[in-house]
Visitor: 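The following block contains the structure, expressed as structure tokens.
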Amino acid sequence: MRQGSGSRAVVVCNPVIPGFYPDPSICRVDDDYYLATSSFEYFPGVPIFHSRDLVHWRQLGHALDRPSQLPLEDSGTSGGIYAPTLRYHQGRFYMITTNVSYHGSPSGGNFLVHTTDPSGPWSEPIWIDQEGIDPDIFFDHDGTVYITSSGRSDGRCRIVQSTFTLDLERGVAERNEPVVDLWDGTGGRGPEAPHLYHIDGVYYLMIAEGGTEDGHMVTIARGPSPRGPWDVCPRNPILSNRSLDRPLQATGHGDLVQSPDGSWWMVLLATRPTGYHRVHVLGRETCLAPVRWDAEGWPVVGKQGELPHEATWRLPHPLHRWPKDEARDDFDMDHLGHHWNHLYNPSRSDYCLSQRPGWLTLHARSESLATDSRPTWIGQRQTAFDQVITALLDFEPRQEGDEAGLVAWQNHEHHYEIARTLRAGRTVLIVRRQIGSLSGVVAQVEEDDPSSPVQLRVSTSKTHYRFAYSHDGNAWTEIASGESRYLSSEVGGLFTGVYFALYSLSGSKEPPPARFDWFQAT
């Protein structure tokens with residue numbers, strides 16, 4: 001098993017893609033690496049990243065950027081798009097995934113899209129007649145296409161598989177045979193995230209087990225064919241930080257890639273919990289680990305099966321840093337950058353960059369932030385424990401219920417916002433905290449000049465979100481704070497991380513526009 005001869009020792013700090021970017025899947029084309037992650041109820045879906053050194057990544061776009069590819073009307077919290085698999089075969093990229101909220105296909109929500117350019121556009125969905133989640137697509141050397149997923153059989157969760165014939169011109173995938181049971185895993189809860197590989201004449205089946213919380217782990221088996229029979233690795237799990245006092249937890253959901261020098265690497269997800277009992281707000285993040293092969297032909301991941309937060313590794317390529325994204329978005333282009341997302345499928349007429357050039361104009365909907373609906377909302381991920389998020393808002397509420405501002409968002413039941421609104425006939429700034437079914441305005445400041453723009457700020461730490469405002473950008477007044485743990489996945493969420501979003505609400509037929517001159521994340 002060729003191990004590679006990388007000679008560039010560098011310190012690598014995980015995660016390599018910080019923030020809510022879970023379930024990474026990777027492929028390589030020559031010296032370029034491409035990676036996809038889950039996106040759940042957010043639109044556009046399945047961000048696509050590019051790297052030339054495995055450490056530094058830039059986002060190229062999204063695989064699913066049209067409502068026809070990504071219907072999210074019925075998704076709800078942590079619905080929508082689950083784990084993708086990204087592969088390259090004979091000049092074409094394939095991304096296969098599950099929309100768990102889509103019921104338009106009789107067999108469930110598994111589908112694939114394809115393209116010759118990972119920047120897009122990607123094709124319309126080709127629906128896959130195979131139930132379950134986390135589908136993997138594998139092109140064998142004889143041309144057979146295997147689709148392997150996490151399904152249910154006899155009331156149990158297990159890995160299942162079938163073969164398909166793809167007709168890309170017609171946009172169909174025809175199943176050749178009944179779905180077969182493949183592997184139950186090693187006994188951990190929820191065997192999922194299967195990936196099939198052919199390495200040195202041997203087929204390897206790698207999966208995740210133990211649930212996507214602190215018990216998460218990677219296990220592997222091998223056999224003489226894509227159907228097995230399977231010989232289970234005696235050192236399973238090959239990766240897990242469970243029961244270890246490490247900064248990274250919930251390590252799992254891995255995917256393997258080989259570099260041109262022969263070295264092997266795994267991308268995977270992990271969390272960075274804090275406090276006691278530990279919780280995480282940043283979501284599950286994309287990490288990197290080296291892989292070597294032992295004398296018996298089994299992979300050894302990271303530090304003997306553990307993933308360190310920081311380590312010195314020999315990379316197969318020189319470091320290739322991309323230009324840094326601008327911390328401030330002045331909304332001076334005719335489109336929004338890749339780092340912005342909508343909650344569910346947006347109504348395009350609610351968002352405008354041309355009505356007042358250099359400003360983002362939001363037209364409010366009647367939906368509340370506290371209901372599982374589609375508000376006028378556009379956000380980007382929290383990517384660090386200590387961040388300062390600032391936005392300039394120009395907004396004059398006309399009646400009770402008109403509201404616009406900046407929200408720290410886990411989901412519709414767990415969020416904190418600072419906003420301008422109208423209460424008892426006066427224009428005020430408020431901070432509201434929504435924690436489950438409990439909602440209340442915890443601070444209110446009356447404004448003397450409602451026609452004057454106001455800067456809104458959220459400052460974050462491992463323990464708190466702090467809310468402040470300024471009318472000149474120099475003197476800031478903090479008016480409230482909220483504990484971070486109530487926006488964590490353990491307390492309020494399922495599978496997603498915190499976003500910072502601009503929003504506008506109103507119950508009137510002619511709501512006033514909310515205009516944002518800029519948004520800055522430092």
Side-chain angles (χ1 to χ4, degrees), residues 22-25 38 82-85 87 96-98 100 107-110 128-138 140 144-164 175-199 202-243 250-256 266 268-269 284 291 294 296-301 305 494-495:
D23 309 325
S25 180
S38 297
Y82 280 26
T85 294
R87 294 292 182 258
I96 186 169
T97 188
T98 312
V100 299
S107 58
N110 286 326
I128 305 298
D129 181 18
Q130 183 162 308
E131 296 182 355
I133 61 171
D134 300 3
D136 170 82
I137 187 167
F138 173 73
D140 206 2
T144 305
V145 179
Y146 292 85
I147 292 180
T148 311
S149 60
S150 175
R152 296 192 70 84
S153 176
D154 299 326
R156 299 177 57 186
C157 184
R158 50 170 48 111
I159 305 304
V160 300
Q161 187 186 81
S162 187
T163 63
F164 284 78
R175 186 155 55 85
N176 300 321
E177 59 190 352
V179 177
V180 299
D181 295 341
L182 205 62
W183 189 33
D184 288 357
T186 65
R189 177 167 63 91
E192 59 187 10
H195 289 307
L196 190 61
Y197 311 93
H198 192 213
I199 303 171
V202 178
Y203 292 88
Y204 288 83
L205 176 60
M206 190 171 75
I207 69 171
E209 299 183 57
T212 191
E213 301 84 28
D214 283 357
H216 214 26
M217 56 183 174
V218 178
T219 59
I220 198 166
R222 67 187 180 193
S225 80
R227 291 284 163 83
W230 301 108
D231 178 21
V232 178
C233 178
R235 288 185 291 95
N236 277 326
I238 59 171
L239 177 69
S240 184
N241 279 12
R242 59 185 181 174
S243 300
T251 51
H253 207 115
D255 195 10
L256 295 173
M266 179 186 287
L268 64 141
L269 67 80
R284 299 169 299 156
V291 177
D294 66 17
E296 287 72 41
W298 293 110
V300 180
V301 185
L494 291 173
F495 305 124

Visitor: Does any non-hydrogen side-chain atom of Pro178 lie less than 4.5 Å from one of Ser162?
Guide: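 No, too far: nothing below the 4.5 Å cut-off.
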Visitor: Which heavy atom of Gly132 sits nearest to which heavy atom of Asn110, and what is that distance?
Guide: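 The pair with the smallest heavy-atom distance is O-ND2, 3.3 Å.
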Visitor: Is there a donor-acceptor pair closer than 3.5 Å between any side-chain N or O of Thr98 and the backbone N or O of Val100?
Guide: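 Such a contact is absent between Thr98 side chain and Val100 backbone.
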Visitor: Determine whether Glu131 and Val179 make a side-chain contact, defined as any pair of heavy atoms from C-beta on separated by less than 4.5 Å.
Guide: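 Not touching, per the 4.5 Å side-chain cut-off.
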Visitor: Shortest non-hydrogen contact from Leu269 to His216?
Guide: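 Answer, listing the atom of Leu269 first, then His216: CD1-CD2, 3.8 Å.
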Visitor: The test is side chain to side chain contact (heavy atoms under 4.5 Å, CB included); show your working for Thr219 and Met206 and say whether it passes.
Guide: CA-CA 6 Å; Thr219 59; Met206 190 171 75; over 6 Å; no
Visitor: Return the OH to OG distance between Tyr82 and Ser149, rounded to the nearest 0.5 Å.
Guide: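 The OG atom of Ser149 is 15.0 Å from OH of Tyr82, to the nearest 0.5 Å.
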Visitor: Can you check side chain to side chain contact (heavy atoms under 4.5 Å, CB included) on Leu239 and Leu268, steps first, answer last?
Guide: CA-CA 10 Å; Leu239 177 69; Leu268 64 141; 3.3 Å; yes
Visitor: Side chains of Ile96 and Ile128: closer than 4.5 Å at any heavy-atom pair?
Guide: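 Counting from C-beta outward, Ile96 and Ile128 do come under 4.5 Å.
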Visitor: Answer yes or no: is there a side-chain heavy-atom contact under 4.5 Å between Arg227 and Leu205?
Guide: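 No. Closest side-chain heavy atoms not under 4.5 Å.
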Visitor: Quick one: do Asp181 and Arg158 make a salt bridge, cutoff under 4.0 Å?
Guide: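 So Asp181 pairs with Arg158 through a salt bridge.
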Visitor: Can you find a pair of side-chain heavy atoms, one from Glu209 and one from Val218, that are under 4.5 Å apart?
Guide: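 They are not in contact (no side-chain heavy atoms under 4.5 Å apart), so the answer is no.
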Visitor: The test is side chain to side chain contact (heavy atoms under 4.5 Å, CB included); show your working for Leu256 and His195 and say whether it passes.
Guide: CA-CA 9 Å; Leu256 295 173; His195 289 307; over 6 Å; no
Visitor: Taking all atoms of both residues into account, what is the closest heavy-atom pair of Arg222 and Gly297, and its distance?
Guide: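 For Arg222 and Gly297, the tightest heavy-atom pair comes out as NH1-O, 3.2 Å.
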Visitor: Is there a donor-acceptor pair under 3.5 Å between the side chain of Ser150 and the backbone N or O of Ile159?
Guide: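 No.
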Visitor: Between Glu192 and Arg152, does any NZ, NE, NH1 or NH2 come within less than 4.0 Å of an OD or OE carboxylate oxygen?
Guide: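 Looking at Glu192 together with Arg152, the answer is no, because their closest N to O distance does not fall below 4.0 Å.
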Visitor: What's the separation between atom OG1 in Thr163 and atom CZ in Arg175, rounded to the nearest 0.5 Å?
Guide: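 Those atoms lie 9.0 Å apart.
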Visitor: Which pair of non-hydrogen atoms, one from Leu182 and one from Pro226, has the smallest distance, and what is that distance?
Guide: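 Taking every non-hydrogen atom into account, CD1-O, 3.8 Å.
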Visitor: Verify, without hydrogens or angle tests, whether Thr85 (side chain) and Pro135 (backbone) share a donor-acceptor contact under 3.5 angstrom.
Guide: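 The answer is yes, because a donor-acceptor pair under 3.5 Å joins these two groups.
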Visitor: When you check the side-chain N and O atoms of Arg284 and Thr212, is any donor under 3.5 Å from an acceptor?
Guide: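 There is such a pair (donor and acceptor under 3.5 Å, judged by atom type) between the side chains of Arg284 and Thr212.
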Visitor: What distance do His253 atom NE2 and Ile207 atom CD1 have between them, rounded to the nearest 0.5 Å?
Guide: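 His253 atom NE2 to Ile207 atom CD1 measures 11.5 Å (nearest 0.5 Å).
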Visitor: Side chains of Thr148 and Gln161 only: does a donor on one sit below 3.5 Å from an acceptor on the other?
Guide: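 There is such a pair between these side chains.
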Visitor: Can Tyr197 and Asp255 be counted as having a side-chain donor-acceptor contact under 3.5 angstrom?
Guide: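 Yes, side-chain donor-acceptor contact under 3.5 Å.
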Visitor: Just wondering, do Thr251 and Met217 contact through their side chains at under 4.5 Å, heavy atoms?
Guide: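 Answer no - side chains too far apart.
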Visitor: Let me confirm one number: the OG1-CZ distance from Thr144 to Phe138, rounded to the nearest 0.5 Å.
Guide: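 If we round to the nearest 0.5 Å, Thr144:OG1 and Phe138:CZ are 9.5 Å apart.
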Visitor: Does some side-chain heavy atom of Trp183 sit less than 4.5 Å from a side-chain heavy atom of Val232?
Guide: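 Yes, their side chains come closer than 4.5 Å.
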Visitor: Could you verify whether a donor N or O on one side chain and an acceptor N or O on the other, from Asp140 and Tyr203, lie under 3.5 Å apart?
Guide: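 Yes, side-chain donor-acceptor contact under 3.5 Å.
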Visitor: Tell me yes or no: between the side chains of Thr186 and Asn236, is some donor less than 3.5 Å from an acceptor?
Guide: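 Checked: Thr186/Asn236 side chains show no N/O donor-acceptor pair below 3.5 Å.
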Visitor: Heavy atoms only: give me the nearest Trp298-Asp231 pair and the separation to one decimal.
Guide: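 Answer, listing the atom of Trp298 first, then Asp231: CH2-O, 3.1 Å.
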Visitor: Could you tell me if the side chain of Arg189 sits less than 4.5 Å from the side chain of Glu213, heavy atoms only?
Guide: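 Yes; the side chains approach each other to less than 4.5 Å.
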Visitor: Mind listing the closest non-hydrogen atom pair of Leu196 and Asp136 along with its distance?
Guide: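 The pair with the smallest heavy-atom distance is N-OD2, 3.4 Å.
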